[in-house]
Amino acid sequence: MGYKAKNKQAAPQPIPGSDLYKDPRNKPKKAKGKPPAPSNKVSFSNRTKRKADEDEPVQVEAAPKKQKTKLVSNGNGTPRVAKGKGKAEENFDTDEEDNDILQPGSLSESEDEKPVTKKLKGKKGGKKADKELDFDGPSRALTFSDDDEPDLNDESAFANDNEEAPAVLHNFDLDDAPQGEDYDIMGDADDDDEEDDEDFKFGESEDEDDEFDVPENDSAFDTEEEDEEDVDMEAPKAKNGKKAAEDADLPPPHLRPNRKVGEAGSDDDEDEEDDGIITNMDGDYDEEYSLPAVAAGAGDDEEGQQEILGTTSFGDLDKRMRWLATILGAKAEEGPFRGLQGYSRSDHLTQLQHDIANYFGYNTFLVGKLMQLFSPPEALAFFEANETPRPVTIRTNTLRTRRRDLAQALINRGVNLEPIGKWSKVGLQVFESPVPVGATPEYMAGQYMLQAASSFLPVMALAPQPNERVLDMASAPGGKTTYISALLQNTGVVFANELNKARTKSLTANIHRMGCKNVVICSYDGREFPKVMGGFDRVLLDAPCSGTGVISKDPSVKVNKSERDFQLLAHLQKQLLLCALDSCDPSSSTGGYVVYSTCSVTVDEDESVVDYALRKRPNVKLVDTGLEFGVEGFKSFGGKQFHSSLNLTRRFYPHKHNMDGFYVAKFKVNKKTKAQKAPSGGPSNEVEMELDSSIVEEKVVVPGQQNAKFSNEEDEALIRDSKRQALKAKGIKLSTDSPAVKSSSKKPSTDSPTVPKKTPKEKSRPRPAPVATKKEKAAAAAATLPTKKVSKTTAA
Ligand SMILES: C[S@@+](CC[C@H](N)C(=O)[O-])C[C@H]1O[C@@H](n2cnc3c(N)ncnc32)[C@H](O)[C@@H]1O
């Protein structure tokens, strides 16, 4: 029995570009005839698991992580998903590294290395198997390119597989390290991380390399028995395309044991690459549907959702959701809209929003926000992908070893792995392991970092060059810092800054473990740069964010984010980005680049922030990230026009790229022209002025951050809101006709795709009054606050 992934990073699915993905046996089968019935499919649905005693990959299905989500009664006997907060989890970070400096267009590697051909004979699992595997060698041939080798002190030291590691490599007696059944699954070599987890609340859901917490039975690595069960369970689905209707009394598929996303894959590879989605929707239902959310007024509070769900079973919900996505996704040339008569398209969108929220356990606000990013069928694919863990990936630490040597060492321990894809020279995807990959001797010796594939990308885009001075502005737990350090080949210097002091513990631990000798750790609010220090050749701002790209790791995001959180975060991100840009040396002979990244997919935190920076800093421009894949950033969104170069930024999605949702933008910082120069002082003046003038008596506390301060006209509503809350806490009552309230209580519903403007016909149709949300009620009450004097502080 293999060890189970405790980090929820598991599904052994091929990553685009990997050899495994290209293996025709692993491609989804094209459906013959009619598309299959409503079931959940996303691209890269086929999971492949390598058996330890086979040379060739075998296509199997991985058992998905069992969801902890509770079903509760609606009061009418109908189950619904409990909306309790999940445990906020930090995700391990993925950094990778190449010894070669990555440049745009140079991310691929050649595969000219001789394959390793030893066979693995040992049993899988446990101490015994581990020992046997050590002797018996690898299970199969692997090909690794010489190109991925670290260019350490002596490149000739890596001439062939039999050569000893160069002296600079750390030598450990690997056999002394703990092994066997006592391992915690993914292995947690760093106790500090638990503390971090408690401390950390916001914007850190991405990038925790050591934090794994999955129920005992959850498995990233299926056993064969589990696989067989999977096959049996899913057999009826193959026979009957309209399984959803039969499952009326079952919980949503993602809450059922052993459910596999993409189980009835029916698209070919080309289609996947086109749009990354298999829609899997018939769209030919003849049953009568109703739109209860529309009838109930489409409130976005919990109460409203229960009301709207009514007596709908999960099976019916599933069915209606897919029908709605199908008809709403139909193209104009396919004929007239096939929705219910008397209801508009927007009514159907509203219903879809509520159905998705109920089915997957989100608040409707967040569903509405995320639906804006996609067509209805793609939105459904996105939400479904969030129910599946992403692949377990590791990054070779080229300061310590070479990828092929690491792969060989892990194969000797019975680990099934594969190069992550052509786009990375240092990444490995782990399919199955009899030992916890977060506690192997190689891990403890710092030979690799457990790191999500998406987390490689910002550092690849940054492409630091040896001897440069680099700032990692928000760095804990250090997945990207240690990757930068390795790309610098331990030359130059990396300033790893982290506001949260508690989190610098895991940062420090990782830096030590990985043998990074060119890193200086500091703990400032990133907005204090460049006052603290400037003149960097390159700056990485992997910003604190809402984590909407990593919902599969941290499901609490589904219910714990409000519009206010997004506003606060966006403001912080804008301020941090301006400071990052101002910290970069435009005269750098080798660099002058800043990379901005988030593990969120919302435009508020991505394109809007970048566009703001372009407007505020005319001396910077966007450049190509050099990343080989990813979707172009939005040039316009929700009626807002961004700078035309925003298409140079890149978005990554779980349902398209089988990675965490991520966003990457790369800036080139140029010297300021005379006209662009600030009237007085250095480049950071503008930010400082904004910050200084924004400090209010009642500080707005962003969860997980200290002393976040806000100002300028864009934040007027936020400041009012914070004052209102402070007064409310003091028991001061406010009158409701305050102009302040009117503006701050404005519902952000205009953003929602589900609340488009009404046609005159729609307006005339009587509809129930919308359900006022708790937030709205509170805002209305608070709106009466008198304006309190804002006292400004002077800069320290
Ligand atoms: C997305 S995480 C960074 C992950 C990290 N780059 C990695 O790859 O391991 C964002 C980090 O920013 C930190 N942070 C939040 N506000 C900050 C601020 N104002 N200045 C600096 N760091 C901040 C958080 O504590 C968190 O550790």
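Starting from 1, each residue takes its place in the sequence as its number. When a ligand or atom number is given, it counts from 1 through the structure's own listing order.
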> What atoms in ligand 1 come closer than 4.0 Å to a heavy atom of N497?
Replying inline: 21 (C)

> What pairs with E605 under salt bridge (Lys or Arg N to Asp or Glu O under 4.0 Å), at least two apart in sequence or on another chain?
Replying inline: none

> Under a 4.0 Å heavy-atom limit, does S475 contact ligand 1 with its side chain, its backbone, both, or neither?
Replying inline: backbone

> What are the atoms of ligand 1, with element, lying closer than 4.0 Å to any heavy atom of L499?
Replying inline: 16 (N), 17 (C), 18 (C), 19 (N), 20 (N), 21 (C), 22 (N), 23 (C)

> If you measure from each heavy atom of A543 to ligand 1, is any distance below 4.0 Å?
Replying inline: yes

> Is the backbone N or O of D585 less than 3.5 Å from a side-chain atom of S588, with the two atoms forming a donor-acceptor pair by type?
Replying inline: no

> So Y663 and Y596, would you call those rings parallel, tilted or perpendicular, with 30° and 60° as cut-offs?
Replying inline: perpendicular

>> Using a 4.0 Å cutoff against the non-hydrogen atoms of A474, which atoms of ligand 1 qualify?
In response: 3 (C), 5 (C), 6 (N), 11 (C), 12 (O), 22 (N)

> When the ring centroid of H657 is compared with that of F662, is the distance short of 6.0 Å?
Replying inline: no

> Is there a side-chain contact (heavy atoms from CB on, under 4.5 Å) between K558 and I551 once you walk through the steps?
Replying inline: CA-CA 7 Å; K558 290 178 176 184; I551 290 172; 3.8 Å; yes

>> Below the 3.5 angstrom mark, is there an N/O of L572, backbone or side chain, next to an N/O of ligand 1?
In response: no

> What atoms of ligand 1 come closer than 4.0 angstrom to any heavy atom of G526?
Replying inline: 18 (C), 19 (N), 20 (N), 21 (C)

> Hey, what's the ring geometry for F529 with Y524, parallel, tilted or perpendicular (30° and 60° as the breaks)?
Replying inline: perpendicular

> Considering only heavy atoms, which of P458, G478, P544, S506 lies nearest to atom 15 (C) of ligand 1?
Replying inline: P544

> Under 4.0 Å between a Lys/Arg side-chain N and an Asp/Glu carboxylate O for K553 and D660?
Replying inline: yes

> Taking the side chain from R538 and the backbone from T590, do they hold a donor-acceptor pair closer than 3.5 Å?
Replying inline: yes

>> Below the 3.5 angstrom mark, is there an N/O of N500, backbone or side chain, next to an N/O of ligand 1?
In response: no

>> Which of the numbered atoms in ligand 1 are under 4.0 angstrom from any heavy atom belonging to M473?
In response: 21 (C), 22 (N)

>> Quick check on contacts: which atoms of ligand 1 are under 4.0 angstrom from a heavy atom of D525?
In response: 18 (C), 19 (N), 20 (N)

> Which option, R503, Q573, E498, K480, owns the non-hydrogen atom nearest atom 25 (O) of ligand 1?
Replying inline: E498

>> Can you tell whether the side chains of R400 and E442 come within less than 4.0 Å, N to carboxylate O?
In response: no

>> With respect to D542, determine whether any N or O atom, backbone or side chain, lies less than 3.5 Å from an N or O atom of ligand 1.
In response: yes

